[in-house]
Structure formats: structure tokens, C-alpha cells
Student: 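What follows is a structure written as C-alpha cells; I'll ask about it next.
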Amino acid sequence: MPASEPVRLGRKRALPSCPNPLFLKWLTELRDEAKEKGLKIQYTYQKAISSLNKYPLPLQNAKEAKILQNFGDGICKILDQKLQRYLKENGTKAAGICCVVFLQHQTINYKDITERGGGGRKKKREYVPQKRSGGYAVLLTLYRQSQIPGSKGYMFKMELQAEAQHLCDKSFTVPDLGSKYTAWSSVSTLIQKNFVMKTHNPARYSLTEEGLALAERLECVEQGTKDGPEGDREEARSEGEGDESSSLHSPTERPSCVALPRSDVDGMGLSENPHNSHATSRTPNAPRLLPGTYEIILCVDFIETTGGSSHCKQELVKELQRNGVAFDVRKLNVGDFLWVAREKVAPVPGQLRAPTGRELVLDYIIERKRMDDLCGSIIDGRFREQKFRLKRCGLRRPCYLVEECGSAASHLSLPETTLQQAIVNTQVVDGFFVKRVQDVRESVAYLTVMTRYLTKLYQNCTLICRSRELEGDGVSDEEESGTPSCSLISFAEFNYGAIKNKCQTVREVFARQLMQVSGLSGDKAALMCYTYKKCASEAEKEKLLSSIRYGKLKRNLGPALSRTVYQLYCTQGALS
């Protein structure tokens with residue numbers, strides 16, 4: 001048989017390892033040379049070699065290689081120089097080694113390669129999530145929510161996890177033993193494949209057009225109305241997600257969460273009758289903790305036990321232990337003390353540690369202030385920022401615990417009258433409950449009493465988990481049947497929402513700028529952000545904010561403050 005004719009066998013002949021052998025050879029030489037000299041550029045050459053090996057088509061010159069990953073101007077310039085030198089030494093026909101000759105040895109031409117997706121590989125299978133996987137549950141939940149008349153068209157993370165859990169065999173919050181991935185990890189795959197869209201902060205999840213079409217097919221399969229996609233099914237899981245297994249709690253045994261008491265006792269809003277607790281709106285399938293399945297734990301910020309005056313901070317821990325208070329030291333992004341309802345989880349035979357139980361944050365948080373700390377925070381501006389963050393943390397009962405209210409204030413850089421006025425303003429103007437104590441022991445005594453009271457208050461309550469974004473009025477099924485309930489947010493969501501340096505919107509940055517102006521509180525700044533409008537003249541700009549009403553008393557901001565803000569943002573050049 002003539003050598004020029006291709007050999008036709010039952011199976012196509014394997015393609016050469018690389019259709020660009022010269023470029024591969026030169027890159028390998030460059031990599032080996034850099035490796036001998038100990039240069040880090042060897043890793044760049046290695047990445048370029050990997051990209052070149054994956055490319056199924058021949059290249060006419062090095063400039064065409066710029067479409068490949070890890071091929072920059074530098075590498076392409078070197079390869080072009082080597083190619084020009086090679087052509088001068090061996091003639092222009094030698095370029096066939098790089099491109100033309102490669103095609104002569106193929107049993108298929110360029111058209112065949114492109115039609116078959118490159119290199120004769122099979123067409124990529126359609127993405128269809130495996131039944132009862134994380135992606136399957138998320139798509140179905142978003143689809144069903146979008147079909148509800150008057151629905152908002154999106155869902156928040158906590159809301160979506162709670163609704164999708166009964167459709168999935170794996171937990172959306174607790175990873176499998178020996179793995180760090182949960183069913184929620186599949187959402188990244190759905191976003192990458194353009195089935196789910198993630199927008200806003202806090203994140204909102206909704207279906208794209210492709211996702212809606214796929215979810216409709218999955219819903220048909222779920223309802224059994226018609227045959228679903230078979231054969232080409234690819235399990236919806238992100239990198240590292242292992243085999244689907246049952247979650248720690250079956251859907252029928254999953255605990256739930258509850259609403260908090262609203263009447264005021266001792267200034268902190270402690271209710272003697274938890275049956276009168278206020279329930280917020282929530283999803284019917286929200287996880288819940290039934291009475292007797294959880295315990296109340298005091299959480300202490302690790303800053304309160306380390307650094308600074310070690311003697312006082314160690315005394316705090318010793319006093320809590322002496323009083324028999326169940327506490328846990330951890331990082332709190334806002335506040336110094338709070339209480340969580342932790343699910344009781346039985347140890348698993350053969351495992352060293354028991355599985356981690358769910359944690360819901362009670363609506364009480366305490367910020368502890370020594371007089372010297374209060375003085376320093378007023379001077380550097382932290383005091384006002386801390387109060388602002390406490391109001392926005394999502395807990396309804398913030399409290400200030402002030403220590404050393406006696407003669408200790410006379411030795412500080414601010415007058416004692418200034419500190420006392422700041423404490424009164426915190427209570428009267430800002431609406432915080434303020435508890436005054438003399439030393440660490442009195443602080444621990446107050447924390448001990450609070451812990452025991454909250455334990456008694458919540459002992460017969462069903463705790464229902466709610467998302468931080470879902471605030472509203474509503475009555476739960478438990479309340480209708482006579483069982484008291486409280487809706488609380490999870491500790492993970494609370495602590496994430498309280499991060500100090502997370503991404504901010506333009507409006508939030510603008511509000512923080514406004515709060516640096518003397519006399520501009522958080523309420524005034526928030527109101528300004530929502531009432532801005534364009535003005536025709538300079539005089540209107542000066543008086544723009546003067547008639548805006550703020551706060552409970554609906555007072556005007558006034559012309560002086562309006563003029564200050566106008567000068568700050570509209571004055572050309574430096575401010576005098």
C-alpha cells in the first residue's frame with residue numbers, strides 16, 4: 001500500500017501527542033534551562049507546555065499561541081525568534097514540521113476536528129443533577145417558589161436551605177464525616193453553569209432562563225407526569241463533594257427554631273411568660289429545636305479572656321467556672337457576651353468527638369465597658385460605631401455593662417461628667433439598657449443571673465430558625481396549637497452578618513462618610529441617603545436637607561447641618 005494513503009482500520013489511529021512539536025521542544029528546553037538556574041519562570045514555562053499539549057490544532061506562528069492560557073507577549077516573542085532562526089537555517093519548507101506535516105499524518109482533516117469538538121472527543125453530556133442531590137433540591141425549591149403567585153422571585157440563603165432540605169439526602173449545613181463539603185456546595189456549580197444567579201448583599205438566589213427550563217423538567221420527573229431525562233445524567237456536585245449520603249437528621253426529625261419574648265422586665269425585655277413571645281414570619285419547613293433538645297450556653301468573646309490585664313480577664317473565667325455557668329469562648333464580631341441555644345447531639349459510636357449541634361442566638365447581647373475603655377472609645381470614635389453595629393446586628397435586646405462607675409473615672413483623660421453623660425445618652429437617646437457594676441465579680445454575677453433566667457425562660461419554647469432578612473409579623477403553627485415558640489437566627493448567620501470590614505454598598509459608604517460630620521448621627525445619615533434629589537440652584541442645595549424629619553420625635557435636621565453637608569460635598573478645592 002502506498003505510504004501516502006491513510007490506513008483505514010476499525011479504530012482511528014491515535015493522534016500525535018502534540019501537533020506543534022517544535023514549540024513544545026523549545027518550551028521544554030527553556031523550562032529545563034530555567035530549572036537548572038533555579039529560576040521561578042520554570043513554572044510559567046511548565047504551564048505553557050500543559051496548555052500547548054491540550055490544544056488540538058497546529059499553529060502557523062507564535063502569535064497564534066496568544067489565545068492559549070499562560071502564553072504572554074514574552075513567551076510568544078521568544079518562540080517567534082526561535083522560529084525565524086529555524087526557518088533561516090532549514091528553509092521555509094521546514095515550517096511544515098510545525099503545522100502542515102502534522103495534518104498529512106492525520107486520518108481526519110481540520111473540518112472533522114472542529115465538527116467533533118476538537119480531537120475527536122465525544123460531545124459533552126448535558127448537565128442534569130442527580131436526584132435528591134444539593135443541586136436538585138435547590139433548583140426545585142427555586143422553581144416552586146417562583147410559581148407562587150405574588151412571589152418575590154428570589155430567595156435568601158437561609159430561607160433556601162431550609163426549604164430545600166427535605167428534597168435532599170445530605171445536610172445543607174453539616175458536612176459529612178471526613179469531608180468539608182455540604183449539599184450547599186453544589187450551588188457554586190449551578191452558578192458556574194448559569195442555572196442559578198446570585199445577586200445583592202445579602203445574597204439573593206434566583207433561576208436563570210436555562211435553570212428555569214431544567215427545573216421544569218425536574219419538576220415533571222418529581223411529579224411523575226412524564227418521563228424525565230435519562231441516560232446522560234451528571235451528578236450536581238462541586239469539587240470534592242463525595243457520594244450522596246443521608247444527613248445527620250432526617251427531614252421528619254429535624255429540629256426547629258422560635259420567637260423571642262417581647263415584654264420588658266428589668267429593662268432588658270425579659271418576659272415572665274414565654275407563651276406571649278413574638279413570632280416572626282418564616283418558612284413552614286424551617287429547622288426547629290424542640291423543648292428539651294437544646295441547652296442555653298453563654299458565649300464569651302475571646303478578647304475578654306486574652307490580652308490586656310490578664311489578671312482581671314482570668315478572674316472572669318474563674319468566676320464563671322465557680323458559679324457553674326456553661327460558657328464557651330469564641331470570636332464574636334460584635335458584642336462581648338451573648339447566649340445561644342445549642343442542640344444536644346448524642347455521641348456516635350466509634351468517633352472521638354460528637355457531631356456539632358445547631359446553634360441559635362437568643363435575642364440578648366451585652367457589650368462590656370470599663371470606664372477607661374469607654375473613655376478611649378469616645379475619643380477615637382469607636383463608641384458611636386459600636387452602638388450603630390449593635391443596633392444592626394439582628395438581636396432585639398442589646399445591653400451595655402459598665403464597670404467601675406466610681407472614683408476610677410477621675411483619673412482619665414475625659415471629665416467624669418462627660419463619661420456619665422455618655423452613659424445616660426446611651427440609655428435615654430439610643431435606647432440601650434445599661435447595667436452599672438463596680439468590678440468583674442459583679443459583672444460575672446449579672447451574667448450568671450441572666451444565664452439562669454434565660455434557661456428558665458426558654459425551657460418550654462420551641463425555637464424556630466429564621467433568616468436575618470425575614471423580619472415580619474406572623475403566627476406559627478405551634479402558637480396556634482398553644483405551644484410557645486420563638487424565632488431566632490443561627491449563630492453562623494449572626495456572626496457573618498456582624499463582620500466589620502465586609503463589602504459595603506455605595507449608600508453604606510456614603511452614610512459612613514456623613515457620620516464623620518459633627519452632629520450627624522446614624523439615623524440622620526440613613527435618612528439623607530434615601531431623600532437626596534437634584535436641585536436647580538445653589539440656594540436650594542444649601543437648604544435641601546433642612547426640612548427633613550428624623551427620629552421618633554420627627555425633628556427637622558435644620559439649616560445649619562444642611563449647610564455643613566452642602567459645603568462638604570459642593571465646595572470646590574480645599575475646605576477652609
Side-chain angles (χ1 to χ4, degrees), residues 47 50-51 54-56 67-70 113-148 151-176 179-223 225-245 247 503:
K47 292 178 181 178
S50 300
S51 298
K54 296 176 183 177
Y55 191 65
I67 64 173
L68 303 181
Q69 193 175 10
N70 302 303
I113 296 175
T114 55
E115 287 179 352
R116 293 171 50 187
R121 292 176 294 179
K122 291 183 179 179
K123 183 179 178 182
K124 189 175 181 180
R125 295 184 300 175
E126 179 187 5
Y127 179 89
V128 179
Q130 187 182 37
K131 189 171 183 179
R132 298 197 65 79
S133 66
Y136 177 88
V138 169
L139 287 173
L140 275 184
T141 302
L142 288 174
Y143 174 75
R144 292 175 180 177
Q145 196 275 342
S146 66
Q147 301 304 307
I148 300 176
S151 66
K152 54 192 177 184
Y154 61 84
M155 298 182 74
F156 294 104
K157 178 179 179 180
M158 299 296 294
E159 179 188 12
L160 180 56
Q161 287 180 338
E163 282 288 317
Q165 186 59 77
H166 73 282
L167 295 171
C168 181
D169 291 332
K170 288 186 66 174
S171 171
F172 275 93
T173 55
V174 181
D176 288 340
S179 173
K180 62 179 180 179
Y181 296 98
T182 63
W184 184 254
S185 304
S186 303
V187 174
S188 60
T189 304
L190 297 178
I191 295 174
Q192 182 182 3
K193 293 184 177 295
N194 198 33
F195 290 125
V196 172
M197 181 169 53
K198 177 182 176 183
T199 58
H200 294 80
N201 185 15
R204 299 177 180 180
Y205 297 89
S206 57
L207 290 175
T208 62
E209 293 183 2
E210 295 86 347
L212 184 62
L214 177 58
E216 287 178 351
R217 294 164 56 194
L218 295 179
E219 179 67 13
C220 291
V221 176
E222 182 74 12
Q223 299 299 333
T225 56
K226 65 177 183 179
D227 294 337
E230 297 178 0
D232 294 336
R233 293 201 171 196
E234 182 179 348
E235 182 178 354
R237 61 175 68 138
S238 53
E239 180 182 356
E241 185 176 352
D243 295 336
E244 301 292 338
S245 62
S247 58
C503 296

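For this chain, numbers begin at 1 and follow the sequence in order.
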Student: Go through Val196 and Thr208 one step at a time and tell me if the side chain to side chain contact (heavy atoms under 4.5 Å, CB included) criterion holds.
Tutor: CA-CA 6 Å; Val196 172; Thr208 62; over 6 Å; no
Student: Test your reading of the model: is there a side-chain donor-acceptor pair from Gln165 to the backbone of Phe172, 3.5 Å cut-off?
Tutor: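 Such a contact is found between Gln165 side chain and Phe172 backbone.
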Student: Which pair of heavy atoms, one from Ala137 and one from Ala164, lies closest together, and at what distance?
Tutor: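 Nearest pair, atom of Ala137 first, then Ala164: CB-O, 3.4 Å.
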Student: Quick check: closest heavy atoms across Tyr181 and Lys170, and the distance to 0.1 Å?
Tutor: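 Scanning both residues, the minimum pair turns out to be O-NZ, 4.0 Å.
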Student: So does Glu210 have more than 12 non-hydrogen atoms from other groups sitting under 6.0 Å from CD?
Tutor: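 Result for CD/Glu210: enclosed.
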Student: Apply side chain to side chain contact (heavy atoms under 4.5 Å, CB included) to Thr173 and Trp184, showing your working.
Tutor: CA-CA 7 Å; Thr173 55; Trp184 184 254; over 6 Å; no
Student: Which pair of heavy atoms, one from Pro129 and one from Leu214, lies closest together, and at what distance?
Tutor: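 Residues Pro129 and Leu214, closest heavy atoms: CD-CD2, 3.9 Å.
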Student: The test is side chain to side chain contact (heavy atoms under 4.5 Å, CB included); show your working for Glu163 and Gln145 and say whether it passes.
Tutor: CA-CA 9 Å; Glu163 282 288 317; Gln145 196 275 342; over 6 Å; no
Student: Can you name the nearest heavy-atom pair linking Leu139 to Ala215, along with the distance?
Tutor: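 So the minimum-distance heavy-atom pair works out to O-CB, 3.7 Å.
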Student: To the nearest 0.5 Å, how far apart are OG in Ser133 and CG in Leu167?
Tutor: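 Atom-to-atom, Ser133:OG and Leu167:CG are 10.5 Å apart.
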Student: Could you tell me which non-hydrogen atom of Cys168 sits nearest to which non-hydrogen atom of Gly134, and how far apart they are?
Tutor: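 That would be SG-N, 3.8 Å.
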Student: In Å, rounded to the nearest 0.5 Å, how long is the span from CZ of Arg144 to OG of Ser151?
Tutor: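 Going from the CZ atom of Arg144 to the OG atom of Ser151 covers 14.5 Å.
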Student: Within the distance-only criterion (no hydrogens, no angle test), does the side chain of Ser51 pair as donor or acceptor with the backbone N or O of Gln69 below 3.5 angstrom?
Tutor: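 Here the side-chain-to-backbone pair exists.
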Student: Locate the shortest heavy-atom distance separating Thr182 from Pro175; write the atom from each residue and the value.
Tutor: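 Scanning both residues completely, I find the closest heavy atoms to be CG2-N, 3.4 Å.
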Student: To the nearest 0.5 Å, what is the distance between OH (Tyr136) and OG1 (Thr141)?
Tutor: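 The distance works out to 10.0 Å.
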Student: Quick check for you: to the nearest 0.5 Å, what is the distance between Ser188 atom OG and Lys193 atom NZ?
Tutor: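 Separation between the atoms: 10.5 Å.
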Student: Within this structure, what is the NZ-CG distance for the pair Lys131 and Leu140, rounded to the nearest 0.5 Å?
Tutor: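 Separation between the atoms: 9.5 Å.
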Student: Measure the shortest side-chain to side-chain distance between Tyr154 and Thr199 over non-hydrogen atoms and say whether it is less than 4.5 angstrom.
Tutor: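 In short, these two side chains do not touch, never coming nearer than 4.5 Å.
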Student: Is the side chain of Arg132 donor-acceptor paired with the backbone N or O of His166 at a distance under 3.5 Å, no angle test?
Tutor: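 Present.
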Student: Test side chain to side chain contact (heavy atoms under 4.5 Å, CB included) on Tyr205 and Met197 and set out the steps.
Tutor: CA-CA 6 Å; Tyr205 297 89; Met197 181 169 53; over 6 Å; no
